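This chain uses plain numbering: 1 for the first residue, then up along the sequence. Owing to the predicted nature of the structure, the values given are computational and were not obtained by experimental measurement.
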Amino acid sequence: METSASRTTTPGLQPMARFKTEQSTQRCEQHGEYAAITYMGHTSGCPACIKQQQEREASEAHAKWMLELRQRRANELLGRAAIPPRFADRTLENFVPHAEGPKRALAVAKSFADGFDECLKTGQSIVFCGGVGAGKTHLAVGVCHEVIKQDRVAVFTSVIGAVRSIKDTYRKGSELTEAEAIQNLVEPDLLVLDEVGVQFGSETEKMYLFEVINGRYQALKPTIVISNLAKDPLTEYLGERVIDRLREGGGRMVVFDWPSYRRQA
């Protein structure tokens, strides 16, 4: 007499035949012939291509992690974010020029950002000076956004903040030396120095500023200097040597001599 158990045993084994693997020879245009395995309707790809893809993804992930680490380190060492929250939404796209002057300034900023790789080869820098509220910070922050999109480190700081980060090394228990603090300002791919000349600081502060700009000049690191001073007072404040370094390698000085952008925007 046939039991129910004996009736169900054989059908349960039959579907396994559909899942067998098959081996065939396939050809990759880049690496030639390889042994491919087909299982459940899917055929394996070229092992060499798969390995290259995995290595490429691992390399990109590592590079992204290293960039985030560098940016975080720069932010922590300077005690502030790369871009101040107040200006976080300022981009080159939403800068609306209200006259021919701001239109030219925007073109300079876009050219600098688009060609940043070349700027890193020459150390090309920019000086935005003049007119209060004329859009200098907006354009500089917009450049920062574009540089960060290019997987580069951009740091925005006031001169007061930069000088303070150096002076803090003299505190008891400081983990950094003065030279290390200066190097932290030299290291970023792009450094934006805001409010240059606002405080008309001591000769020591001017010396620190020169050390930072000169260090970046020697390392071919682009710098954007922002000042509300007009061209001549700014040159007098920074000195001809600093201005010459900022304008070398194709550096530009853009004088914002038009009415306030804030009142027009």
Side-chain angles (χ1 to χ4, degrees), residues 78-113 124-148 154-165 185 188 190-210 212-213 216 222-247 251-265:
L78 292 175
R80 64 181 302 162
I83 298 174
R86 179 178 292 276
F87 307 118
D89 62 343
R90 312 293 169 87
T91 67
L92 297 182
E93 285 72 22
N94 63 27
F95 181 90
V96 182
H98 59 281
E100 192 60 33
K103 187 182 297 183
R104 289 195 300 269
L106 176 60
V108 169
K110 282 184 174 179
S111 176
F112 181 83
Q124 179 182 339
S125 297
I126 300 180
V127 177
F128 288 153
C129 64
V132 176
K136 299 185 297 295
T137 301
H138 187 143
L139 288 177
V141 169
V143 171
C144 283
H145 281 300
E146 295 304 314
V147 167
I148 291 171
V155 170
F156 185 108
T157 181
S158 67
V159 170
I160 295 174
V163 169
R164 184 183 300 120
S165 72
L185 292 160
L190 174 65
L191 176 68
V192 177
L193 287 169
D194 194 16
E195 300 179 347
V196 174
V198 168
Q199 70 285 6
F200 285 96
S202 66
E203 290 304 313
T204 300
E205 290 174 340
K206 291 181 183 180
M207 180 192 70
Y208 286 150
L209 191 56
F210 174 78
V212 170
I213 293 176
R216 294 185 62 79
T223 304
I224 297 179
V225 166
I226 304 174
S227 177
N228 289 336
L229 296 177
K231 177 182 176 181
D232 291 341
L234 178 63
T235 301
E236 182 179 350
Y237 176 78
L238 289 176
E240 289 285 353
R241 283 196 303 168
V242 172
I243 294 296
D244 286 346
R245 280 160 172 71
L246 290 170
R247 300 193 70 171
R252 303 285 298 275
M253 176 180 281
V254 182
V255 180
F256 287 59
D257 55 0
W258 47 85
S260 172
Y261 170 73
R262 292 175 192 157
R263 287 195 290 269
Q264 296 287 334

Closest approach of Ala230 to Cys129 (non-hydrogen atoms, all atoms of both residues):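 The answer is C-SG, 4.5 Å.
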Ala105 and Val254: which non-hydrogen atoms are nearest, and at how many Å?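 Closest pair (atom of Ala105, atom of Val254, distance): CB-CG1, 3.9 Å.
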Run Ile226 and Val196 through side chain to side chain contact (heavy atoms under 4.5 Å, CB included) and show every step you take. CA-CA 6 Å; Ile226 304 174; Val196 174; 6.0 Å; no
For the pair Phe256 and Leu139, evaluate side chain to side chain contact (heavy atoms under 4.5 Å, CB included) and give the outcome as yes or no after the intermediate values. CA-CA 12 Å; Phe256 287 59; Leu139 288 177; 3.9 Å; yes
From [X] atom [atom1] to [Y] atom [atom2], the distance as rounded to the nearest 0.5 Å:
X	Y	atom1	atom2	answer
Leu234	Lys231	CG	NZ	10.5 Å
Ser125	Leu246	OG	CG	5.5 Å
Arg104	Trp258	CZ	CH2	7.0 Å
Tyr208	Leu185	OH	CG	12.0 Å
Leu238	Leu209	CG	CG	6.0 Å
His138	Phe128	NE2	CZ	11.0 Å

Between Leu191 and Val212, is a side chain to side chain contact (heavy atoms under 4.5 Å, CB included) present by the stated rule, with each step listed? CA-CA 10 Å; Leu191 176 68; Val212 170; 3.8 Å; yes
Among all residues two or more places apart in sequence or in another chain, which pass the side-chain contact (heavy atoms from CB on, under 4.5 Å) test with Thr91?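 Partners of Thr91 under the side-chain contact (heavy atoms from CB on, under 4.5 Å) test: Glu93, Asn94, His145.
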Can you list everything that forms a side-chain contact (heavy atoms from CB on, under 4.5 Å) with Arg164? Sequence neighbours excluded, please.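 In terms of side-chain contact (heavy atoms from CB on, under 4.5 Å), with neighbours along the sequence ignored, Arg164 is linked to Ile160, Asp168.
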How are the rings of Phe156 and Phe87 set to each other: parallel, tilted or perpendicular (split at 30° and 60°)?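 Phe156 and Phe87: tilted rings.
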Kindly indicate whether the side chain of Ser227, heavy atoms from C-beta on, has any atom under 4.5 Å from the side chain of Val127.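 No, their side chains stay 4.5 Å or more apart.
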Contact between Thr157 and Leu193 at the side-chain level, heavy atoms closer than 4.5 Å - yes or no?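 They are in side-chain contact.
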Suppose we screen for ring pair (Phe, Tyr, Trp, His ring centres under 6.0 Å). Which residues come up paired with Phe112, at least two apart in sequence or across chains?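 For Phe112, the residues satisfying ring pair (Phe, Tyr, Trp, His ring centres under 6.0 Å) (neighbours in sequence not counted) are Phe116.
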Return yes if some donor-acceptor pair links the side-chain N/O of Ser111 with the main-chain N/O of Val108 below 3.5 Å, else return no.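 Here the side-chain-to-backbone pair does not exist.
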Scan for salt bridge (Lys or Arg N to Asp or Glu O under 4.0 Å) pairs involving residues 127-146, sequence neighbours excluded, and state none if there are none.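 Applying salt bridge (Lys or Arg N to Asp or Glu O under 4.0 Å) to every pair that reaches into residues 127-146, excluding sequence neighbours, yields Glu146-Lys149.
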Under the criterion side chain to side chain contact (heavy atoms under 4.5 Å, CB included), I'd like the reasoning laid out for Val242 against Lys206: C-alpha separation, chi angles, the key distance, then a yes or no. CA-CA 10 Å; Val242 172; Lys206 291 181 183 180; over 6 Å; no
Among residues at least two apart in sequence or on other chains, which ones pass side chain to side chain donor-acceptor pair (under 3.5 Å) with Arg90?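 Testing Arg90 for side chain to side chain donor-acceptor pair (under 3.5 Å), a comparison that skips the adjacent residues, returns none.
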Kindly write out the residues that satisfy side chain to side chain donor-acceptor pair (under 3.5 Å) with Thr223, not counting sequence neighbours, or none if the list is empty.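 So Thr223 forms a side chain to side chain donor-acceptor pair (under 3.5 Å) with Arg216.
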